[in-house]
There are 2 protein chains.
Amino acid sequence: MPTASPAATPEGPRRPASQQGMRRQNLALVLSTVAASGPLSRAAVAGRVGLTRAAVSSLVDELLGAGLLVEGETQASGKAGRPGRALALHDRGPAGLGLEVGPAHLGACVVDLRGEPRVWHRVPALNRSRPAEQVLGELAELAAASTREALALGLRIEGAVLAVPGVLGPAHDTVEHAPNLGWHGVVPAEHWPAALRAPELENEANLGALAELWRGGEPADTLVHISAETGIGAALVIDGRLFRGAAGYAGELGHVPVHTDGPRCSCGARGCLEQYAGARAVLRAAGVRGTHRDPVAALVDRAREGHAPTLAALTRAGEAFGTALTSAVNLVDPAAIVLGGAYTELAPWLLPAMTTELTARVRVRPWDPDTLRPSRLGRRGPLLGAALLTTQRVITDPARLWD
Amino acid sequence: MPTASPAATPEGPRRPASQQGMRRQNLALVLSTVAASGPLSRAAVAGRVGLTRAAVSSLVDELLGAGLLVEGETQASGKAGRPGRALALHDRGPAGLGLEVGPAHLGACVVDLRGEPRVWHRVPALNRSRPAEQVLGELAELAAASTREALALGLRIEGAVLAVPGVLGPAHDTVEHAPNLGWHGVVPAEHWPAALRAPELENEANLGALAELWRGGEPADTLVHISAETGIGAALVIDGRLFRGAAGYAGELGHVPVHTDGPRCSCGARGCLEQYAGARAVLRAAGVRGTHRDPVAALVDRAREGHAPTLAALTRAGEAFGTALTSAVNLVDPAAIVLGGAYTELAPWLLPAMTTELTARVRVRPWDPDTLRPSRLGRRGPLLGAALLTTQRVITDPARLWD
DNA sequence: ACTAATTTGTTTATTGCCATGACGAATAGA
DNA sequence: TCTATTCGTCATGGCAATAAACAAATTAGT
């Protein structure tokens, strides 16, 4: 995922701590505590985070006023004493809009502060054969419609993020290269209706990983998320944050060498994982010809039917994955390896060989096979992640909304 | 480096921001600004970090009082206006004590706040053939002597860290396994004189990486540091912090697969890097027999003499390194790869093949050969890092000294 | 040489935020 | 009904930074 970070690591002089910063941080602390631990009374929040009830009251007042929290009825605790009043994330407050462009579809989704999807659209669209401008125009309409629907639900969109299946420029404003769309050097903001604010761009695989982090079930704050998009990409989440690498090229799992003398790869090297487990390689080995509208579905169909070359190709891909992931496990030691994107649906046929290989190769340390699992979100991950990016930002820093 | 973190990631509810915390953070901000940018006046610090001069004055007063900063004479700026008074890190303030146990030596060093080594001892000692208790007793004496010397220089030791060439237990109080020392399940604190405070333990390779981060010349806050100690270890520094992985097993470069069907490794897998570039493998391929006191020196001697099998073995090791590092580069995308420890001295013979291999294999992204470089610190790295760990902690949170 | 301009460091008043402790409110149990 | 307990709020105080004014020390200009 060669996507450089738009804001380089601010390693130099940090910003000073001020009283406003302190307020800001405590607002975030209260909000994220409620987000993490369901409905909670002021006193419960205070006890949990270490602030006084008075301080929490003041912070909660501000969050209520901003429409980020709602106060429910008194909740009977069963114990003696005055019952507290339940505080929960507002389901009609700020929301995030996620957008997605695929080769054959457009997607839009709106999530509320709780992370619940409230609007969901996925419409077929033959984007490869149309100019980018037209595609983006249609996407903007879908975005506008979704925004209207959100408004009708009482939600206000605080930010929009477009999941891009390709490589972004260092400033995150250009799609350098998205072969599946036929885009090269496209700047979406230029083709966006002037009346609407253009969405922020982020790599699809990265968003899938973040969705997995935030709503993937098993909590794991250090994970590797694998997806097929432009080649094979692994997005790395480290300590709960997306890790892009020093130059933005971290997670190039597709070009990890599997067999040093293997077939030559399009990148120029030999024996890259992509030559064994990449979409093109698997399709060819499975004997799938021509261009299917949904090549993955074609593979799944054949695998279900027990088509021998397909099963063999998937097993071979799984083995190669296992070898490449051995490197990833030995180097990064993630708490979870998630098979996302198209690989989610192929997991039943990929996982056995991957698990066998990993179990045989990862020996210097205890290896739990459950570390490797298919995504719970599957293809919905990137779109969901795009929408969640905004709401997560609000939760980690609510003050951004009013100053 | 299977060393679990003693303090797990505090992902849950963080601590609230208080006014004391604000003070604490700003003290650290001022101190680290002075540390990073040489002598600076109060006004210069204020301008740089964004605090008012008044606030900086108050913070500086506290740091002067604590003996962390010294005020120099007025420094003529050449420009109009009253000249500022230079503030610099105190060279007679808090200091860090680093300790080291190797198979054939003991080491101790003291660094001042500026990171300058002020006391340095490296004494030969045949530690493999002696019981751990005796070794640690001698080390404690060396530590006490070093502390006395530091005291004579006006330094006060604020913490001691022991660099261990092996695997630590999860609580970082036990040496689970240090084959080069013949230690298994040793708890150094139990053998330490009761009168002295036992040192904290940290893995030698990790400390080498930190030393490289803090005093390695080219600044790079995301780096891979390779060293040979127990097998081949890569310590990962990510965003300026040591990355241990979810379970503490990150950086097991030695067991990254190089040839899937290669020779069986001691770990049970096949074709691990260690089978090509590990100390034992290289020594055998070079035809070095018996147990040298310093096997690396033996290799360097033969390589200098042009001994063909040695040169071939080193080239082969370099190639294998190149392949394994291709995985590391593609996955982690570090700003620097540093050849540390014993490999520093072998760098002249390893680097060419490594560079060739990396240049040929890393193709999906721009690859700068200068990313790979030998350590400037070499074998001194771990000991220096052990001492620096304490002073760096003081600089990043000076308030720890008085509350 | 003297004044003006400029920059530094300190002093004083003000603001903002949280802690402390007291109080009314609301519930369970006796 | 009374008491114990817990919840949320209010008034007060302390602390740390900001803002603004002042004194000190230097350069530049005439």
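Values reported hereafter were calculated over all heavy atoms of this structure, with side chains retained and with hydrogens, waters and symmetry mates removed. Note on naming: letters A, B, ... go to the chains in the order of the sequence lines (proteins, then strands), and numbering restarts at 1 for each one.
Within 4.0 Å (heavy atoms only), A:Ala17 reaches sugar-phosphate atoms of the nucleic acid but no base atom. At the heavy-atom level, A:Arg42 lies under 4.0 Å from the strands shown only through sugar-phosphate atoms. Using a 4.0 Å heavy-atom distance criterion, B:Arg23 is classed as a sugar-phosphate-only contact. Contact annotation for A:Thr52: base contact, defined as any heavy-atom pair under 4.0 Å involving a base atom. Here A:Ser58 lies out of heavy-atom contact (under 4.0 Å) with every strand.
Under 3.5 Å, the side chain of A:Glu71 and the base of D:dG8 form no donor-acceptor pair of N or O atoms.
With salt bridges taken as basic N to acidic carboxylate O contacts below 4.0 Å, none links A:Glu116 and A:Arg92. A salt bridge does not link B:Asp333 with A:Arg244: every distance from a Lys NZ or Arg NE/NH1/NH2 to an Asp or Glu carboxylate oxygen is 4.0 Å or more. A salt bridge does not link B:Asp221 to B:Arg241: none of the charged side-chain nitrogens sits closer than 4.0 Å to a carboxylate oxygen.
Of the candidates D:dT9, C:dA19, C:dT8, D:dT9 carries the atom nearest the A:Ser57 side chain, counting heavy atoms from C-beta on. With C:dG9, C:dC18, D:dA25 as the choices, the nucleotide that has an atom nearest any side-chain atom of B:Pro83 turns out to be D:dA25. Side chain of A:Ala43, nearest nucleotide from C:dA19, D:dC7, C:dT11: D:dC7. Comparing C:dT6, C:dG9, C:dA19 by their closest approach to the side chain of A:Leu51 singles out C:dA19. Comparing C:dC18, D:dA19, D:dG8 by their closest approach to the side chain of A:Ala55 singles out C:dC18. Side-chain atoms of A:Met22 lie closest to C:dC18 of the nucleotides D:dT26, C:dT20, C:dC18. In this structure, of C:dC18, C:dT11, D:dA21, it is D:dA21 that holds the atom nearest to the side chain of B:Arg53. In the set D:dT18, D:dA23, D:dC15, the nucleotide with an atom closest to the side chain of B:Gln19 is D:dC15.
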